[in-house]
Amino acid sequence: MRAVARDVAFFVEHLKGQVADISFELAGRARALAGETGGRSVAIVVGEGARALAGQVACDVAVCVDTPEVARYNPLAYAGAVAAVARAREPFALLFGNTSQGLDLAPAVAAALERPLLAYCREVRVEGEKVVGVSQVYGGKVMVEAEAPAGAVVTLMAGAYPADAGRGAPGAVEEAAAAVDAARVRFKALIEPEAADVDITKQDVLVSIGRGIQSQDNIQLAVELAEALGGAVSASRPIIDAGWLPKARQVGKSGQTVKPKAYLAFGISGAPEHLEGMRDAGLIIAVNTDPKAPIFDVAHYGVVADLFDIMPALTEKVKAAAG
Ligand code: FAD
């Protein structure tokens, strides 16, 4: 078995000069794990302005690769650069976000390093000389604990660890000039997603509606409740697929991961793909006519009732309480 160092490294994702929240989550977890391995937490920052981006991330060391080949996102070049840094440092574990970019890079890096990959993890721990990951499979229906030898590459789901622990500054910054062959892939353009009217990931309160809302006209009831609570309306996928709300309002596997202080789910069954996007909300209140609806398994409070009775009554109560 190849020897590894004690450091725990992580890849820093960024877009348009902003470090992604997931990277702060990784930074916090890497620091905690490095405390256990007796090594340092090492941020790997690739791309134009890497040094400035690294300045926001709490870690012992930030290794920056800022060469012309990696100025813009290019999966081959980025995977090559991260693999080169990892090869030089042989970290005990190398963390990526389980995001589209992380899923693009982590398998390529693991293959290049000939290291095992633990993907879709909601938890990662160190046990002796092993890296242990708890992965969410079948859309969250089953959790699988797997262990890999030190040196493993891990992808962590968004929301698995708090982001605040990873905000800060690096203890030291180093530059690395990784030679990468990126000629087969060329960055052509960044296609922006359709502009969101509301960022549901930044709301403290979400009034979320599912197929139980029955028609587009009824969404107004949810809008009124959300306004009374000072929140926004989000939805399960069928509401988006029906074209009743924009895609940016979708919660779940193929939508957004949200973590509001309060998530009110009306007429949402609680399919694994939906739960994946909201199960970490601070307080979950579900209203559903079906007492067996799986949403009740994750809800802190559940009401078996018709949402058309509850929603307008709640709006009135909230308005009355607010004076
Ligand atoms: P349903 O499952 O039809 O549930 C409607 C609920 O409303 C029922 O529980 C019913 O009892 C209740 N109800 C009906 N009338 C009332 C009433 N008057 N009052 C109160 N309750 C009532 N889904 C997502 O949400 N987000 C995703 O990102 C997502 N991604 C997916 C990705 C993949 C690859 C796949 C395969 C699926 C994905 N899905 C996603 C779809 C998911 O599997 C479910 O089909 C979907 O979440 C169901 O939405 P729903 O709960 O609104 O509808």
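Remember, predicted model here, so these are calculated numbers, not experimental data.
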Undergrad: Taking the side chain as every heavy atom from C-beta outward, state whether V205 and P260 have any atom pair closer than 4.5 Å.
TA: no

Undergrad: If you count every heavy atom of other residues, nucleotides or ligands that lies below 6.0 Å from E48 atom CD, does the total exceed 12?
TA: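 Atom CD in E48 is not crowded, with 12 or fewer foreign heavy atoms closer than 6.0 Å.
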
Undergrad: Any chance CD of E147 has more than 12 other-residue heavy atoms, nucleotides or ligands included, within less than 6.0 Å?
TA: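 No, not enclosed.
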
Undergrad: Run the numbers on V134 and C121 for side-chain contact (heavy atoms from CB on, under 4.5 Å), then give the verdict.
TA: CA-CA 5 Å; V134 179; C121 291; over 6 Å; no

Undergrad: Is there a side-chain contact between L264 and L229, using heavy atoms and a 4.5 Å cut-off?
TA: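 In short, these two side chains touch, coming nearer than 4.5 Å.
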
Undergrad: Say whether T99 and E13, considering side chains only, have a donor N or O and an acceptor N or O under 3.5 Å apart.
TA: yes

Undergrad: Is there a path of hydrophobic side-chain contacts, each under 4.5 Å between heavy atoms, that joins I209 and V251?
TA: no

Undergrad: For the CG atom of L53 and the CD atom of Q18, what is their distance to the nearest 0.5 Å?
TA: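 It comes to 8.5 Å.
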
Undergrad: Is the closest side-chain donor-acceptor distance between Y73 and D104 under 3.5 Å?
TA: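 Looking only at side-chain atoms, D104 and Y73 do form a donor-acceptor pair, the distance falling under 3.5 Å.
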
Undergrad: Under a 4.0 Å N-O cut-off, is there an ion pair linking E129 with R6?
TA: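 Salt bridge present between E129 and R6.
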
Undergrad: For residues V223 and I219, determine if any side-chain heavy atom of one lies less than 4.5 Å from a side-chain heavy atom of the other.
TA: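 Yes, at least one pair of side-chain atoms sits under 4.5 Å.
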
Undergrad: Write down the atom of F96, the atom of G102, and the distance for their closest heavy-atom approach.
TA: CB-CA, 4.2 Å

Undergrad: Determine whether a donor-acceptor pair (N or O, by modelled atom type, separation under 3.5 Å) exists between the side chain of S41 and the backbone of D60.
TA: yes

Undergrad: Just checking, any donor-acceptor pair under 3.5 angstrom between side chains of Q136 and E276?
TA: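 Per modelled atom types, Q136 and E276 side chains form a pair under 3.5 Å.
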
Undergrad: For a 4.5 angstrom cut-off between non-hydrogen side-chain atoms, does V63 reach R89?
TA: yes

Undergrad: Regarding E36 and R125, does a basic nitrogen lie under 4.0 Å from an acidic carboxylate oxygen?
TA: no

Undergrad: Would you give me the side-chain donor-acceptor pairs under 3.5 Å for residues 294-319, sequence neighbours excluded?
TA:
from, atom 1, to, atom 2, distance (Å)
H300, ND1, I284, N, 2.8
D306, OD1, F308, N, 2.8
T315, OG1, M311, O, 2.9

Undergrad: Name all residues meeting the side-chain contact (heavy atoms from CB on, under 4.5 Å) criterion together with D280; count only those two or more places apart in sequence or in a different chain, and write none if there are none.
TA: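 D280: side-chain contact (heavy atoms from CB on, under 4.5 Å) contacts with R122, K259.
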
Undergrad: Hey, does the side chain of N218 reach the backbone of I213 with a donor-acceptor pair shorter than 3.5 angstrom?
TA: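 Between the backbone of I213 and the side chain of N218 there is a qualifying donor-acceptor contact (under 3.5 Å).
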
Undergrad: Can you find a pair of side-chain heavy atoms, one from V154 and one from L94, that are under 4.5 Å apart?
TA: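 Result no, sub-4.5 Å side-chain heavy-atom pair not found.
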
Undergrad: Would you give the length of the straight line joining atom CD of Q216 to atom CD1 of I239, rounded to the nearest 0.5 angstrom?
TA: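 Q216 atom CD to I239 atom CD1 measures 9.5 Å (nearest 0.5 Å).
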
Undergrad: For R72, is the CZ atom crowded, meaning more than 12 foreign heavy atoms sit under 6.0 Å from it?
TA: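 Check fails, neighbour count at 12 or below.
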
Undergrad: Please report the C-alpha distance between V19 and V45 in whole Å, then the side-chain angles of each, then the deciding distance to 0.1 Å, and finally whether the side-chain contact (heavy atoms from CB on, under 4.5 Å) criterion is met.
TA: CA-CA 10 Å; V19 173; V45 195; over 6 Å; no

Undergrad: So, taking the atom named OG in S269 and the one named CG in D290, what distance separates them when rounded to the nearest 0.5 Å?
TA: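 So the gap between those two atoms works out to 9.0 Å.
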
Undergrad: Identify the heavy atoms of T257 and T201 that sit nearest to each other, and give their distance.
TA: O-CG2, 3.6 Å

Undergrad: Could you tell me whether a side-chain N or O of D7 sits under 3.5 Å from a main-chain N or O of R40, the two making a donor and an acceptor?
TA: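 Yes, D7 side chain to R40 backbone: donor-acceptor pair under 3.5 Å.
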
Undergrad: Would you please say whether a donor-acceptor pair under 3.5 Å links the side chains of T155 and Y120?
TA: no

Undergrad: Between N74 and V185 (side chain of the first, backbone of the second, donor and acceptor by atom type, cut-off under 3.5 Å), is there such a pair?
TA: yes

Undergrad: Are S236 and S208 side-chain neighbours, meaning at least one heavy-atom pair lies under 4.5 Å?
TA: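 Of all side-chain heavy-atom pairs linking S208 with S236, none is under 4.5 Å.
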
Undergrad: Locate the shortest heavy-atom distance separating V233 from A226; write the atom from each residue and the value.
TA: CG2-CB, 3.8 Å

Undergrad: Does any part of the side chain of F10, heavy atoms only, come nearer than 4.5 Å to the side chain of V42, both counted from C-beta?
TA: no

Undergrad: May I have the step-by-step check of salt bridge (charged side-chain N to carboxylate O under 4.0 Å, His left out) for R115 and E90, ending in yes or no?
TA: CA-CA 10 Å; R115 296 290 191 189; E90 296 283 11; 2.6 Å; yes

Undergrad: If every non-hydrogen atom of W244 is compared with every non-hydrogen atom of S215, which pair is closest and at what distance?
TA: CH2-CA, 3.5 Å

Undergrad: Classify the angle between the aromatic ring planes of Y78 and F11 as parallel (below 30°), tilted (30 to 60°) or perpendicular (above 60°).
TA: perpendicular

Undergrad: Donor-acceptor pair, distance only, cut-off 3.5 Å: does the side chain of D66 make one with the backbone of G49?
TA: yes

Undergrad: Keeping the roles fixed (side chain from H14, backbone from V46), state whether a donor-acceptor pair exists under 3.5 Å.
TA: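 Side chain of H14 to backbone of V46: a pair is present.
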
Undergrad: Using the side-chain contact (heavy atoms from CB on, under 4.5 Å) rule, take V8 and T37 through it: C-alpha gap first, then chi angles, then the decisive distance, then the call.
TA: CA-CA 8 Å; V8 176; T37 61; 4.1 Å; yes

Undergrad: Could you pull out the closest heavy-atom pair between A150 and V131, with the gap in Å?
TA: CA-CG2, 4.1 Å

Undergrad: In plain terms, say whether R87 and E114 are close enough for a salt bridge, that is, a side-chain N and a carboxylate O under 4.0 Å apart.
TA: no

Undergrad: To the nearest 0.5 Å, tell me how far I200 CD1 sits from R249 CZ.
TA: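 If we round to the nearest 0.5 Å, I200:CD1 and R249:CZ are 8.0 Å apart.
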
Undergrad: Mind running side-chain contact (heavy atoms from CB on, under 4.5 Å) on E273 and S254 for me, showing each step along the way?
TA: CA-CA 8 Å; E273 295 83 3; S254 49; over 6 Å; no

Undergrad: Which atoms form the tightest heavy-atom contact between Q203 and V198, and what is the distance?
TA: NE2-CG1, 3.5 Å

Undergrad: Anything under 3.5 Å between a donor and an acceptor, one on a side chain of residues 156-165, the other on a protein residue two or more places apart or in another chain? List them.
TA:
from, atom 1, to, atom 2, distance (Å)
Y161, OH, R29, NE, 3.3
Y161, OH, V124, N, 3.0
Y161, OH, V124, O, 3.4
D164, OD1, R167, NE, 3.2

